[in-house]
Number of protein chains: 2
Amino acid sequence: MATSKSDNLSASLEDYLEAIFNLSSESNIARSKDIAKSLDVSRASVTGALRVLKQKGLANYKPYDYVTLTDTGRATAAEIAKKHKILQVFFIDVLGVEPDVAQQAACKAEHALGSGIIAKLLCFIEFVSHSSKNGYDMANQFQNFCKKQMSKSSGKQDRKKWSRKK
Amino acid sequence: MATSKSDNLSASLEDYLEAIFNLSSESNIARSKDIAKSLDVSRASVTGALRVLKQKGLANYKPYDYVTLTDTGRATAAEIAKKHKILQVFFIDVLGVEPDVAQQAACKAEHALGSGIIAKLLCFIEFVSHSSKNGYDMANQFQNFCKKQMSKSSGKQDRKKWSRKK
DNA sequence: TGACAAAGTTAGGCAAGACTAACTATATTA
DNA sequence: TAATATAGTTAGTCTTGCCTAACTTTGTCA
């Protein structure tokens with residue numbers, strides 16, 4: 001809430017920002033070509049996005065030069081990367097979702113959830129891991145519960161409470 | 001997984017479908033004007049969307065007539081509405097998020113999460129409510145834990161593990 | 001150092017999804 | 001039933017975000 005500058009940014013621009021942030025962390029340099037590759041987008045699209053990010057004061061961009069983020073850009077990107085990480089951990093460690101599914105979902109959901117909910121989610125992850133230190137492995141309990149539930153309802157077409165099909 | 005026909009549908013079209021579904025449930029009729037109002041969009045945009053939904057076999061649309069959903073359309077819309085509901089309940093009852101914030105977040109996240117994760121989430125909600133029947137009110141425990149955590153970290157600018165602000 | 005490959009940019013186009021303004025059809029009611 | 005208000009549509013425009021193809025700049029290596 002206090003530090004969020006990611007307002008006004010489209011999901012697409014957030015993706016570019018995050019990609020630059022990640023590439024910079026990994027290989028210390030963000031090349032246009034690698035941004036394109038990591039987002040599965042053409043190099044021309046990257047050029048376009050960089051111009052917008054520069055104009056918004058988030059990236060230092062000069063044609064034919066390496067890209068870096070401004071302080072604001074880095075802060076914003078870090079927020080987004082943080083959302084991504086928290087969602088991923090929640091999906092994998094709490095819900096027990098397959099890593100690749102979790103990764104994909106985090107990519108999309110990171111643009112949909114505000115920092116308030118993300119903070120709560122982080123807290124919840126800590127709550128769960130705290131519980132396991134106290135001898136009650138909640139994540140594991142849930143997995144067992146989940147398996148039972150899934151097998152219970154797998155025969156039926158519908159589940160009473162939630163579905164309004166047909 | 002089995003019943004999901006919502007592939008190929010943009011977030012925008014999913015919103016239209018859901019709005020029609022909800023209006024039909026509430027007032028038995030979905031008028032163009034009301035769809036426009038509920039999505040905060042112009043009437044002209046609704047007309048455009050209805051043509052696309054018809055063409056995709058999801059809505060029965062004739063100019064100047066009331067709109068209804070086809071069976072496929074209704075099933076798809078029900079899936080979306082279900083996602084919305086599950087997310088909303090999770091945000092409010094498990095995470096303890098304010099209802100209006102939860103509502104807004106559910107609106108966006110419903111387009112980002114696949115049915116696998118949603119199923120897990122539903123299971124988790126049941127796990128939590130199951131726990132309270134067994135004398136351990138997990139939601140409540142979490143709220144207390146959360147309050148402690150929030151107040152702990154509120155003094156600091158940063159939190160070690162997750163934040164990379166500034 | 002000059003030729004060639006790789007990286008980056010520009011130009012032009014397209015689709016989705018929204019808007020406004022003007023028009024048409026339907027409903028209401030005097 | 002004719003006038004008018006309301007609902008819905010059409011036409012035209014704009015923005016975002018992507019693409020391909022062609023061009024320019026940079027880097028490499030014989």
Side-chain angles (χ1 to χ4, degrees), chain A residues 6-20 23-24 26-69 73 76-77 80 107-108 110-112, chain B residues 6-20 23-24 26-69 73 76-77 80 107-108 110-112:
Chain A
S6 46
D7 308 303
N8 324 325
L9 276 190
S10 65
S12 168
L13 286 180
E14 286 192 358
D15 280 335
Y16 283 104
L17 210 52
E18 191 184 10
I20 298 168
L23 286 168
S24 307
E26 285 162 22
S27 40
N28 239 351
I29 266 176
R31 275 181 306 183
S32 191
K33 178 204 162 196
D34 297 323
I35 300 169
K37 192 178 168 193
S38 86
L39 295 177
D40 194 27
V41 127
S42 76
R43 285 169 301 153
S45 300
V46 175
T47 303
L50 290 177
R51 267 200 299 239
V52 179
L53 289 177
K54 179 208 175 86
Q55 179 239 303
K56 286 185 179 290
L58 298 169
N60 301 117
Y61 166 66
K62 279 184 189 173
Y64 297 104
D65 208 352
Y66 292 138
V67 194
T68 57
L69 296 178
T76 307
I80 300 162
C107 272
K108 292 193 182 178
E110 71 194 19
H111 309 298
Chain B
S6 46
D7 308 304
N8 324 325
L9 276 190
S10 64
S12 167
L13 285 180
E14 287 192 0
D15 280 335
Y16 283 104
L17 210 52
E18 192 184 8
I20 298 167
L23 286 167
S24 306
E26 285 161 22
S27 40
N28 240 349
I29 267 177
R31 276 180 306 183
S32 192
K33 178 205 161 195
D34 296 323
I35 300 170
K37 192 178 168 192
S38 85
L39 295 177
D40 193 27
V41 127
S42 76
R43 285 169 301 154
S45 300
V46 175
T47 303
L50 290 177
R51 266 200 299 239
V52 178
L53 289 176
K54 179 208 176 86
Q55 179 240 304
K56 287 186 179 290
L58 299 169
N60 302 117
Y61 166 66
K62 278 184 189 174
Y64 298 104
D65 208 351
Y66 292 137
V67 193
T68 56
L69 296 177
T76 306
I80 300 162
C107 271
K108 292 192 180 178
E110 71 194 20
H111 309 297

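Because the structure is a prediction, the values reported are computed rather than measured. Numbered from 1 within each chain, the chains take letters A, B, ... in sequence-line order.
Rounding to the nearest 0.5 angstrom, the gap separating the CD atom in B/E14 from the CD1 atom in B/I80 is 4.0 Å. How far CG of A/D15 is from CD of A/E110: 6.0 Å, rounded to the nearest 0.5 Å.
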Base contacts versus sugar-phosphate-only contacts with protein, heavy atoms under 4.0 Å: please encode nucleotides 6-25 of chain D as B, S and - from 5' to 3'. -BBBB------SSBB---BS
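Looking at residues two or more places apart in sequence or on another chain, you find a side-chain contact (heavy atoms from CB on, under 4.5 Å) between A/S32 and A/V46. With sequence neighbours left out, the side-chain contact (heavy atoms from CB on, under 4.5 Å) criterion links A/S45 to A/Y16, A/V41, A/S42. Legend: residues meeting salt bridge (Lys or Arg N to Asp or Glu O under 4.0 Å) with B/D34, ordered by chain and number and at least two apart, are B/R31.
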Could you pull out every donor-acceptor pair under 3.5 Å between side chains of residues 47-61 of chain A and any protein atom, sequence neighbours left out?
{"unit_1": "A/T47", "atom_1": "OG1", "unit_2": "A/R43", "atom_2": "O", "d": "3.3"}
{"unit_1": "A/K54", "atom_1": "NZ", "unit_2": "A/Y61", "atom_2": "O", "d": "3.0"}
{"unit_1": "A/N60", "atom_1": "OD1", "unit_2": "A/T68", "atom_2": "OG1", "d": "3.1"}

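Along DNA chain C, read 5' to 3', the first and last nucleotides having any atom under 4.0 Å from a heavy atom of chain B are C/dG17 to C/dA25.
When all heavy atoms of A/A19 and A/I35 are compared, the pair lying nearest together is CB-CG2, 4.4 Å.
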